[in-house]
*Asks:* 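Take this structure, written in structure tokens, and hold onto it; I'll ask about it next.
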Amino acid sequence: MSSAPRTLPWGAPAAFAALALLPLAPFMSKYYLLLAFDALVFGAIAMSLDLLMGYTGLVSFGHAAFYGLGAYAAAVLLERGVLSLWACLGFALVVVGVYAFVVAYFATTRRGIYFALLTLIFAEVVYTFFRYTQTFGGSDGIQGLPEAMLLPGVPIDTPIKKYYLVLAYLIFGYVVCRLVVASHFGRVLVAIRENEDRARFLGYNVPRYKMGACMISALLTGLGGALYAIRASYATPDLMLWTESGEFIISVMIGGLGTLAGPIVGGVFFTLLRDKVSSYVDWYFIVIGLVLVAIVLFMPRGLVGLRSAFRLRT
């Protein structure tokens with residue numbers, strides 16, 4: 001596990017350029033454009049979770065709540081006729097930010113499994129609230145949302161527009177995460193991960209740094225949730241299920257902890273694997289579980305670790 005991204009300086013721009021050209025491929029139908037949207041959202045959220053897991057050493061089972069709250073925040077505005085994309089994203093940041101502050105305030109006072117359990121408990125409370133509150137549609141959620149507007153008269157109403165929107169979100173999230181981990185703040189997070197007591201003895205306010213990492217990760221995840229509601233035209237309590245958080249964690253582990261690029265690769269890989277396997281069998285999670293076991297046993301550094309391993313052999 002490293003304390004800085006393993007990608008070369010030119011690697012990320014080249015990858016983003018390739019993603020920008022992807023819709024030009026002849027096989028990119030509307031279905032695959034929307035699938036690519038889901039894959040990039042999943043990858044971006046896994047990358048934001050990597051700030052906690054890979055760099056701070058905190059495992060969160062509550063990221064689905066940030067994701068779902070962002071989706072509901074956007075859905076509430078769209079349902080009431082507020083179609084501005086920027087208003088939806090701004091409202092999502094406010095809602096998720098308030099909730100994340102409360103969760104981080106209490107959860108960061110604990111370590112290890114207790115931190116993970118507190119995030120899970122908070123997420124289950126939020127899920128139960130939206131699941132049984134008819135004001136937000138109950139178990140059906142908020143359905144049939146209108147298209148959001150990028151600018152007045154410019155609706156985001158086609159798969160290709162939605163794809164480039166999520167690509168912009170991914171690039172923004174990557175830049176933010178990269179700046180964070182390359183800063184003094186990011187180096188302190190790594191110090192907390194390696195030895196929290198020593199970081200505290202050096203005079204660092206450990207809970208405050210943990211709260212900062214939680215807030216950044218939660219806000220990026222909330223933005224992803226808002227974009228998903230705009231893409232899917234709905235928001236349901238299922239987005240907040242603990243299994244959703246588990247899928248984010250799996251994506252981080254598949255890609256590689258503490259790499260930034262790895263969780264993106266892991267999120268894309270997980271989304272594509274789930275889509276293809278689920279089209280053939282209903283018990284696709286067994287296949288995904290076997291893949292995860294194989295990666296943990298034979299590729300402990302994740303998919304991005306294959307490149308390093310290949311270099312060493314060469």
Side-chain angles (χ1 to χ4, degrees), residues 38 41-42 44-53 56 58-80 82 87-110 113-143 145 173 207 210-252 267:
D38 295 343
V41 164
F42 229 80
I45 293 174
M47 176 184 61
S48 71
L49 179 58
D50 193 35
L51 278 179
L52 287 182
M53 290 183 60
T56 317
L58 299 174
V59 179
S60 169
F61 281 98
H63 261 54
F66 305 138
Y67 183 55
L69 281 175
Y72 267 96
V76 166
L77 290 190
L78 291 173
E79 186 185 36
R80 285 157 176 75
V82 180
C88 292
L89 295 182
F91 188 53
L93 288 175
V94 172
V95 172
V96 174
V98 172
Y99 170 74
F101 180 83
V102 175
V103 174
Y105 180 80
F106 291 101
T108 53
T109 61
R110 298 293 183 265
I113 188 63
Y114 299 104
F115 174 89
L117 288 176
L118 280 173
T119 59
L120 176 60
I121 291 169
F122 275 105
E124 286 300 298
V125 170
V126 173
Y127 165 75
T128 303
F129 173 80
F130 281 92
R131 173 69 174 75
Y132 295 103
T133 303
Q134 293 304 316
T135 304
F136 300 103
S139 60
D140 294 328
I142 303 175
Q143 304 280 343
L145 299 173
K210 286 183 177 181
M211 283 189 65
C214 287
M215 291 294 296
I216 295 171
S217 181
L219 291 175
L220 289 175
T221 302
L223 287 177
L227 292 179
Y228 184 81
I230 292 171
R231 166 256 190 270
S233 299
Y234 68 80
T236 66
D238 289 345
L239 297 176
M240 303 180 186
L241 277 172
W242 66 271
T243 53
E244 198 78 14
S245 295
E247 292 176 1
F248 296 147
I249 294 174
I250 289 172
S251 298
V252 176

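Position 1 is the first residue of the sequence, and the numbers go up from there.
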*Asks:* Compare all side-chain heavy atoms of Ile216 with those of Leu220 and state whether any distance is below 4.5 angstrom.
*Replies:* yes

*Asks:* Kindly give the heavy-atom pair with the smallest separation between Leu239 and Ala71, and that separation in Å.
*Replies:* CD1-CB, 3.7 Å

*Asks:* How about Pro237 and Tyr72: do any of their side-chain heavy atoms sit closer than 4.5 Å?
*Replies:* yes

*Asks:* Got a second to check how far Thr108's OG1 is from Met215's CE, nearest 0.5 Å?
*Replies:* 11.0 Å

*Asks:* Looking at side-chain heavy atoms only, is the closest gap between Val59 and Phe115 below 4.5 Å?
*Replies:* no

*Asks:* I'd like to know whether CZ of Arg110 has more than 12 heavy-atom contacts from other residues, nucleotides or ligands below 6.0 angstrom.
*Replies:* no

*Asks:* Quick check: closest heavy atoms across Ser139 and Arg131, and the distance to 0.1 Å?
*Replies:* CB-NH1, 3.1 Å

*Asks:* Taking the side chain as every heavy atom from C-beta outward, state whether Cys214 and Leu52 have any atom pair closer than 4.5 Å.
*Replies:* yes

*Asks:* Relative to the ring of Phe130, is the ring of Phe136 parallel (under 30°), tilted (30 to 60°) or perpendicular (over 60°)?
*Replies:* tilted

*Asks:* How far does OH of Tyr67 sit from CG of Leu241, to the nearest 0.5 angstrom?
*Replies:* 12.0 Å

*Asks:* Any side-chain heavy atom of Ile142 within less than 4.5 Å of one from Val76?
*Replies:* yes

*Asks:* Provide the closest heavy-atom pair for Leu69 versus Met240 in the form atom of the first, atom of the second, distance.
*Replies:* N-CE, 3.7 Å

*Asks:* Name each donor-acceptor pair under 3.5 Å that joins a side chain in residues 221-235 to protein atoms two or more places apart or in another chain, with its distance.
*Replies:*
{"unit_1": "Thr221", "atom_1": "OG1", "unit_2": "Ser48", "atom_2": "OG", "d": "2.9"}
{"unit_1": "Thr221", "atom_1": "OG1", "unit_2": "Ser217", "atom_2": "O", "d": "2.8"}
{"unit_1": "Tyr228", "atom_1": "OH", "unit_2": "Tyr234", "atom_2": "OH", "d": "3.1"}
{"unit_1": "Arg231", "atom_1": "NE", "unit_2": "Asp38", "atom_2": "OD1", "d": "2.8"}
{"unit_1": "Arg231", "atom_1": "NH2", "unit_2": "Asp38", "atom_2": "OD2", "d": "3.2"}

*Asks:* List the atom of Glu244, the atom of Ala64, and the distance in Å for their closest heavy-atom pair.
*Replies:* CB-CB, 3.7 Å

*Asks:* So do the side chains of Leu49 and Ile45 get within less than 4.5 Å of each other, counting heavy atoms only?
*Replies:* no

*Asks:* Checking ring-ring contact (aromatic ring centres under 6.0 Å, His included) against Phe66, which of Phe101, Phe248, Phe122, Tyr99 comes through?
*Replies:* Tyr99

*Asks:* Give me the atom names and distance for the closest heavy-atom approach of Ala123 to Gly62.
*Replies:* CB-CA, 3.8 Å

*Asks:* Any chance you could measure Phe42, atom CZ, to Met47, atom CE, to the nearest 0.5 Å?
*Replies:* 14.0 Å

*Asks:* How many angstroms lie between atom CD1 of Ile249 and atom CG of Asp50, to the nearest 0.5 angstrom?
*Replies:* 12.0 Å

*Asks:* Less than 4.5 Å apart, any side-chain heavy atom of Gln143 and any of Thr236?
*Replies:* yes

*Asks:* For residues Phe61 and Glu124, determine if any side-chain heavy atom of one lies less than 4.5 Å from a side-chain heavy atom of the other.
*Replies:* no

*Asks:* Once ring-ring contact (aromatic ring centres under 6.0 Å, His included) is applied, do any residues pair with Tyr127, and if so which ones, sequence neighbours excluded?
*Replies:* none

*Asks:* Please assess Cys88 against Val82 for the test side chain to side chain contact (heavy atoms under 4.5 Å, CB included), listing each intermediate value before the final yes or no.
*Replies:* CA-CA 8 Å; Cys88 292; Val82 180; 5.6 Å; no

